[in-house]
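Note sheet for the following structure.
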Protein chains: 2
Amino acid sequence: MCKVVLKISKLPKKKRQQHLVEKIEHNPFITDEELMKCFQVSIQTIRLDRMELGIPELRERMKSMAEQTYDQVRSLPPDEIIGEIIDLQLDESGISIFEIKESHVFSRNRIARGHYVFAQANSLAIAVIDDEIALTASAHIRFVRSVQLGEKCIAKASVKSSNNEQDKTKVEVNTYVNDELVFHGDFVVYRSEDNGNK
Amino acid sequence: MCKVVLKISKLPKKKRQQHLVEKIEHNPFITDEELMKCFQVSIQTIRLDRMELGIPELRERMKSMAEQTYDQVRSLPPDEIIGEIIDLQLDESGISIFEIKESHVFSRNRIARGHYVFAQANSLAIAVIDDEIALTASAHIRFVRSVQLGEKCIAKASVKSSNNEQDKTKVEVNTYVNDELVFHGDFVVYRSEDNGNK
DNA sequence: AATTCTTTTATTACCAGGTACTAATAGTAA
DNA sequence: TTACTATTAGTACCTGGTAATAAAAGAATT
């Protein structure tokens, strides 16, 4: 938890406060009691330090982090599909929308990082396959033009008949911003009944 | 906060518990006391309900939400490169490491979502280009085998001589888990001095 | 009507992780 | 010695609970 530091002489106030900031930054879930043991000072000293540094108590720290998550969850399901699927005909076609936010762009030029555009298309290609589990096998993709901050990407997927091979399906995804093509991808997706671990 | 419901007769237990779940889902920051006022029952009833439904107390709810945020921040800097670059020879080669965490996999089978593996490769392909700004133009990718939760992906990029065209560079990326190839990608990357907005 | 069972409420003791305030003590500089 | 800063100690109080026990209210069954 807290590195055992041989502490012949206690740190001076300023140093301690510096380290305190770092410690809490590094592990926001630390209690005053744990901090007190780290620095070998009384709990009051820790609290005085927090006061001076304007660091809120553990519960307040957790609360504000939780609020962050909550806001994020509301706006962008972090774990699931990238982009919001607004239409889905299984094994036929699908449409998803994904708006490029601050966190998706290079800060220097506000152009979307390629992998977000890819992720939207990839998620959609997987979602459109009507199978217990589907995995991307390969893809051929082209970034037709760069996507800017604030633009809404509309990805349209259509499943191409899985001709010869039974377990592989071709899915074509085109992504548009205002009817202008920005991304094209040809995906080959595995569909496997047996949970397909290779 | 809590809709004022005319409450001639109190809800039966089952209904109340149903509504309780919804209420907490809709606003995880609600206290038992607020809930008690919503349902016009005693605070003990609310707590019995929470127990039966397996809903943890407010502070625990906040804590686990906060942990989510924190884990996300740690594992996936939303803004930056995906994967940690550990070696980089500009315009020549690069290596990055990326460990597959809970948030990167399908929950059903713990297989990594393709776009994370792609994102690592894509980030590396961009990073290896020694230019003010580089963008992925197109890519041909193959997911050789699925990557499991916990596995460490080592992506190796090598820049292929940008032969004919000045502004496009080919970058080959191979990703390995324990020396086993899991992903291959041929990227074509734009390098543009003039900040290349098309 | 009496009995049993479920549901609800009340009460009390206790907990973590604090805030807020007062006071005492230690160490150091003028 | 005095003055000042830094630290420690102690107490009361807070929120939002858990845990456990008991009593009361309501409904269903015999």
Side-chain angles (χ1 to χ4, degrees), chain A residues 1-2 4-70, chain B residues 1-71:
Chain A
M1 188 78 24
C2 162
V4 177
V5 187
L6 312 198
K7 197 202 24 39
I8 284 90
S9 63
K10 287 182 192 177
L11 291 166
K13 193 180 177 185
K14 283 212 171 178
K15 285 270 172 195
R16 189 188 57 233
Q17 295 196 340
Q18 247 176 280
H19 281 85
L20 192 78
V21 171
E22 283 167 27
K23 210 127 198 80
I24 292 176
E25 230 155 63
H26 170 259
N27 173 202
F29 297 95
I30 197 166
T31 61
D32 287 357
E33 200 171 343
E34 289 170 316
L35 286 165
M36 150 188 125
K37 282 170 192 163
C38 284
F39 292 100
Q40 295 288 343
V41 293
S42 72
I43 203 157
Q44 285 80 358
T45 303
I46 297 295
R47 286 172 181 167
L48 280 173
D49 282 351
R50 265 203 303 101
M51 294 282 256
E52 282 179 31
L53 296 165
I55 300 171
E57 62 166 299
L58 170 60
R59 282 163 176 170
E60 290 305 313
R61 295 197 299 267
M62 291 201 302
K63 188 177 181 186
S64 59
M65 290 176 76
E67 277 164 348
Q68 250 184 61
T69 310
Y70 191 59
Chain B
M1 188 76 26
C2 162
K3 272 175 212 159
V4 177
V5 187
L6 312 195
K7 198 202 21 43
I8 284 91
S9 64
K10 285 179 192 178
L11 289 167
K13 193 180 177 185
K14 283 211 170 178
K15 286 270 170 194
R16 188 189 57 234
Q17 294 196 339
Q18 247 175 277
H19 282 85
L20 191 78
V21 172
E22 284 166 28
K23 210 128 196 77
I24 292 176
E25 229 155 63
H26 170 259
N27 173 203
F29 296 96
I30 198 167
T31 61
D32 287 357
E33 200 171 342
E34 288 168 316
L35 286 164
M36 152 188 123
K37 282 170 192 162
C38 285
F39 292 101
Q40 294 289 342
V41 293
S42 72
I43 204 159
Q44 285 80 359
T45 302
I46 296 294
R47 285 170 182 171
L48 280 172
D49 282 350
R50 265 203 303 102
M51 293 282 256
E52 283 179 29
L53 296 165
I55 300 171
E57 62 165 295
L58 170 61
R59 282 163 177 169
E60 289 305 312
R61 295 197 300 268
M62 291 200 306
K63 188 178 180 185
S64 59
M65 290 176 76
E67 276 165 349
Q68 252 184 59
T69 312
Y70 192 59
D71 289 350

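Convention: sequence-line order gives letters A, B, ...; per-chain numbering from 1.
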- Query: Who passes side chain to side chain contact (heavy atoms under 4.5 Å, CB included) against A:Leu48, sequence neighbours left out?
  - Reply: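 A:Leu48: no side chain to side chain contact (heavy atoms under 4.5 Å, CB included) contacts found.
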Are there any protein N/O atoms within less than 3.5 Å of an N/O atom in nucleotides 23-28 of chain D, and if so, which ones and at what distance?
none

- Please figure out whether B:Arg47 or A:Asp49 has its closest DNA chain D nucleotide nearer the 5' end.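 Upstream on the strand: A:Asp49.
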Every protein N/O lying under 3.5 Å from an N/O of nucleotides 9-12 of chain D:
unit_1, atom_1, unit_2, atom_2, d
D:dA9, N7, A:Gln44, NE2, 3.4
D:dG10, N7, A:Gln44, NE2, 3.4

- Quick one: salt bridge (charged side-chain N to carboxylate O under 4.0 Å, His left out) pairs with a partner in residues 54-65 of chain A, sequence neighbours left out?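 Applying salt bridge (charged side-chain N to carboxylate O under 4.0 Å, His left out) to every pair that reaches into residues 54-65 of chain A, excluding sequence neighbours, yields nothing.
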Under 4.0 Å: is that the gap between some side-chain N or O of [X] and OP1 or OP2 of [N]?
{"X": "A:Arg16", "N": "D:dA6", "answer": "no"}
{"X": "A:Thr31", "N": "C:dG17", "answer": "no"}
{"X": "A:Thr45", "N": "D:dT7", "answer": "no"}

- Message: Heavy atoms only, 4.0 Å cut-off, all strands: where does A:Ile43 land among base, sugar-phosphate and nothing?
- Response: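 No contact.
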- Do B:Thr31 and B:Glu34 meet the criterion of a side-chain donor-acceptor pair at a distance under 3.5 Å? yes
Under 3.5 Å, which N/O atoms of the protein pair with N/O atoms of nucleotides 25-30 of chain C?
none

- Got a sec, which residues hit salt bridge (charged side-chain N to carboxylate O under 4.0 Å, His left out) with A:Asp32, two or more places apart in sequence or on another chain? A:Arg47, A:Arg50
- Task: Sequence neighbours left out, what passes side chain to side chain donor-acceptor pair (under 3.5 Å) with B:Glu52? Give chain and number order.
- Result: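 Residues passing side chain to side chain donor-acceptor pair (under 3.5 Å) with B:Glu52: B:Lys13, B:Gln17.
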- Can you see which heavy atom on A:Met65 is nearest to which on A:Pro28, and at what distance?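 Here A:Met65 and A:Pro28 meet closest at SD-CB, 4.1 Å.
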- Gap between atoms CD and P, on B:Glu33 and D:dT15 respectively (whole Å):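 Whole-Å distance recorded here is 9 Å.
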- Contacting residues from residues 50-58 of chain A, given that a heavy atom lies under 4.0 angstrom of DNA chain D: none
- Task: Look at the side chain of A:His26 and the backbone N and O of A:Glu22, then say whether any donor-acceptor pair between them is shorter than 3.5 Å.
- Result: no
- D:dG17 base to B:Arg59 side chain: any donor-acceptor pair below 3.5 Å? no
